[in-house]
Amino acid sequence: MGKSRLSVCAGDGMVSPKIPLTMHSKLTYLLSFVFAGAVSLAAADKEPPVVTPGTEGRPPSDAIVLFDGKDLSAWKSDSGAAAGWKVEHGYAEMVKGNILTREEFGAIQLHIEWASPAKVQGDGQGRGNSGVYFQGRYEIQVLDSYQNRTYFNGQAGAFYGHQPPLVNASRKPGEWQSYDIVFHPPTSAEGKTIPGSFTVFHNGVLVQDHTPVSGEATTSAQFSGVTPKGPLMLQDHGTPVRYRNIWVRKLD
Ligand code: MG
């Protein structure tokens with residue numbers, strides 16, 4: 001678009017080097033500014049919707065609650081059957097298999113809380129491993145990374161396989177931790193992929209700062225390619241990681 005505008009300007013100059021701007025073209029030029037100003041004023045004049053905020057991670061009034069501690073009815077298993085994870089004491093615990101939201105999402109703000117097992121077993125990737133997959137494709141790693149070293153783009157808060165967290169903000173095993181994540185999916189236009197982005201806070205600490213998400217950045221065998229909407233998925237990686245208080249706000 002920028003290119004064609006430039007060529008129009010060049011064309012104008014080429015065809016009328018000796019002809020000064022007519023009154024008509026001057027008026028058109030001025031009106032274009034007035035119109036652009038009116039459009040931006042109209043946007044600035046639109047009152048933002050009122051949202052009642054939650055407290056201590058609880059959902060704001062416009063959130064879609066995906067798990068409130070009572071049941072996993074918003075989720076399903078890989079096969080489409082009911083999600084088979086254990087629900088007790090206000091949390092869901094991984095038993096077997098990934099679970100996916102029944103609803104599919106594009107750009108979202110996500111709040112989710114998780115806890116790796118209090119009893120430490122294994123090390124590296126074997127310790128409290130799970131993951132939050134956006135559109136079933138792009139994983140923000142869940143791992144017990146408290147005094148537990150592994151490859152950096154595989155530790156807690158990493159965009160798995162792509163981008164390590166800026167810092168390690170992990171709490172101790174068994175303690176509740178939070179992710180607040182803004183995800184914009186990549187998009188596809190005219191055969192090209194325009195990267196999306198991840199911004200992630202781990203326990204309130206920034207760990208991914210507008211990290212690019214390209215169409216190839218999948219860590220899932222089940223899902224691939226660029227899509228406008230896809231499910232949120234929580235991973236079974238063999239350890240009984242717990243989740244609670246999961247909600248999203250749609251951003252598109
Ligand atoms: Mg994982």
Side-chain angles (χ1 to χ4, degrees), residues 51 53-60 63-69 85 87-94 99 101 105 107-134 138-184 196-213 219 232-237 239-249 251:
V51 172
T55 53
E56 300 192 358
R58 296 293 155 189
I64 298 168
V65 176
L66 294 174
F67 178 60
D68 64 0
W85 290 16
V87 177
E88 60 179 16
H89 310 304
Y91 60 77
E93 184 176 295
M94 201 291 293
I99 61 171
T101 54
F105 302 101
I108 51 172
Q109 172 187 348
L110 168 75
H111 176 86
I112 189 164
E113 296 170 22
W114 57 274
S116 54
K119 187 181 176 191
V120 173
Q121 287 182 316
D123 58 10
Q125 291 290 305
R127 199 168 123 180
N129 195 333
S130 182
V132 184
Y133 284 65
F134 290 73
Y138 313 109
E139 180 186 12
I140 296 297
Q141 173 71 313
V142 168
L143 192 75
D144 175 6
S145 286
Y146 184 83
Q147 298 179 352
N148 175 37
R149 290 192 76 175
T150 182
Y151 46 92
F152 304 135
N153 62 9
Q155 70 182 67
F159 174 17
Y160 185 85
H162 295 276
Q163 186 70 32
L166 293 166
V167 294
N168 183 346
S170 296
R171 292 200 171 114
K172 292 178 181 173
E175 292 186 8
W176 283 103
Q177 313 200 41
S178 66
Y179 281 157
D180 287 281
I181 301 173
V182 177
F183 168 73
H184 290 275
S197 64
F198 268 129
T199 297
V200 180
F201 292 86
H202 182 189
N203 298 325
V205 178
L206 183 68
V207 294
Q208 298 287 341
D209 184 5
H210 208 70
T211 300
V213 177
T219 53
L232 203 63
M233 186 174 89
L234 301 180
Q235 183 192 33
D236 165 9
H237 201 117
T239 41
V241 174
R242 295 171 179 174
Y243 289 93
R244 72 178 185 187
N245 196 19
I246 309 171
W247 52 262
V248 297
R249 296 180 60 246
L251 303 178

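The basis for the numbers below is simple: all heavy atoms, side chains too, and nothing from hydrogens, waters or symmetry mates. The first residue of the sequence shown is numbered 1, and numbering continues consecutively from there.
Pairs of residues two or more places apart, or lying in two chains, never qualify as salt bridge (charged side-chain N to carboxylate O under 4.0 Å, His left out) while including a residue from residues 154-171.
Taking CG of N168 as the start and CG of N203 as the end, the distance is 10.0 Å to the nearest 0.5 Å. In this structure, the separation between CG on D144 and OG1 on T239 is 9.0 Å, given to the nearest 0.5 Å. Interatomic distance, CD of E93 versus CH2 of W85, reported as 9.5 Å (0.5 Å rounding). L143 contributes atom CG, which lies 8.0 Å from atom CD of Q155 (distance to the nearest 0.5 angstrom). Between D123 atom CG and R149 atom CZ the span is 13.0 Å, to the nearest 0.5 Å. Going from atom NE2 of H237 over to atom CD of Q125 covers 6.5 Å, rounded to the nearest 0.5 Å.
At least one side-chain heavy atom of L232 sits less than 4.5 Å from a side-chain heavy atom of F134. In this structure, V120 and R127 have side chains that are in contact, with non-hydrogen atoms separated by less than 4.5 Å. With a 4.5 Å cut-off on side-chain heavy atoms, P165 and H202 do not count as touching. Looking at T101 and V248, their side chains never come closer than 4.5 Å, going by heavy atoms from C-beta outward. Counting heavy atoms from C-beta on, the side chains of I140 and L110 never come closer than 4.5 Å.
Using a distance-only test at 3.5 Å, with no hydrogens or angles considered, no donor-acceptor pair links the side chain of R249 to the main chain of P59. Side-chain atoms of Q109 never come within 3.5 Å of backbone atoms of L251 as a donor-acceptor pair (strictly under, hydrogens ignored). Between the N148 side chain and the G124 main chain, a donor and an acceptor come within less than 3.5 Å of each other. Without hydrogens or angle criteria, Y179 side chain to V200 main chain gives no donor-acceptor distance under 3.5 Å. For S130 (side chain) and V142 (main-chain N/O), no donor-acceptor pair under 3.5 Å exists by modelled atom type.
A perpendicular orientation is assigned to the rings of F198 and F159, their planes being inclined by more than 60° (bins at 30° and 60°).
Closest heavy-atom contact between G157 and V207: O-CG2, 4.0 Å. The two residues P117 and G128 make their nearest non-hydrogen contact at CD-CA, 3.9 Å. Pairing each heavy atom of S197 with each of H210, the nearest pair is OG-CE1, 3.6 Å. Across all non-hydrogen atoms, the minimal contact from R244 to G90 is CB-O, 3.5 Å. The two residues P173 and Y146 have their closest heavy-atom pair at CD-CD2, 3.9 Å. Closest of all the heavy-atom pairs between G174 and A115 is O-CB, 4.1 Å.
Under the side-chain contact (heavy atoms from CB on, under 4.5 Å) criterion, L206 pairs with L166, T199, F201, D209, not counting sequence neighbours. Considering only residues two or more places apart in sequence or on other chains, F67 meets the ring-ring contact (aromatic ring centres under 6.0 Å, His included) condition with none of them. The side-chain hydrogen bond (donor to acceptor under 3.5 Å, both in side chains) test applied to Y133 returns E139, Q235, not counting sequence neighbours. Residues passing the side-chain hydrogen bond (donor to acceptor under 3.5 Å, both in side chains) test with S116: none are found, sequence neighbours excluded. By the ring-ring contact (aromatic ring centres under 6.0 Å, His included) test, Y91 pairs with no residue at all, sequence neighbours left out.
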Test side-chain contact (heavy atoms from CB on, under 4.5 Å) on M94 and Y243; report intermediate values, then the result. CA-CA 8 Å; M94 201 291 293; Y243 289 93; 5.9 Å; no

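Under 3.5 Å, the side chains of D180 and H111 contain a donor-acceptor pair of N or O atoms.
Residue F152 qualifies as open at atom CZ: its count of foreign heavy atoms under 6.0 Å is 12 or below.
A centroid separation of 6.0 Å or more is found between the aromatic rings of F105 and F183.
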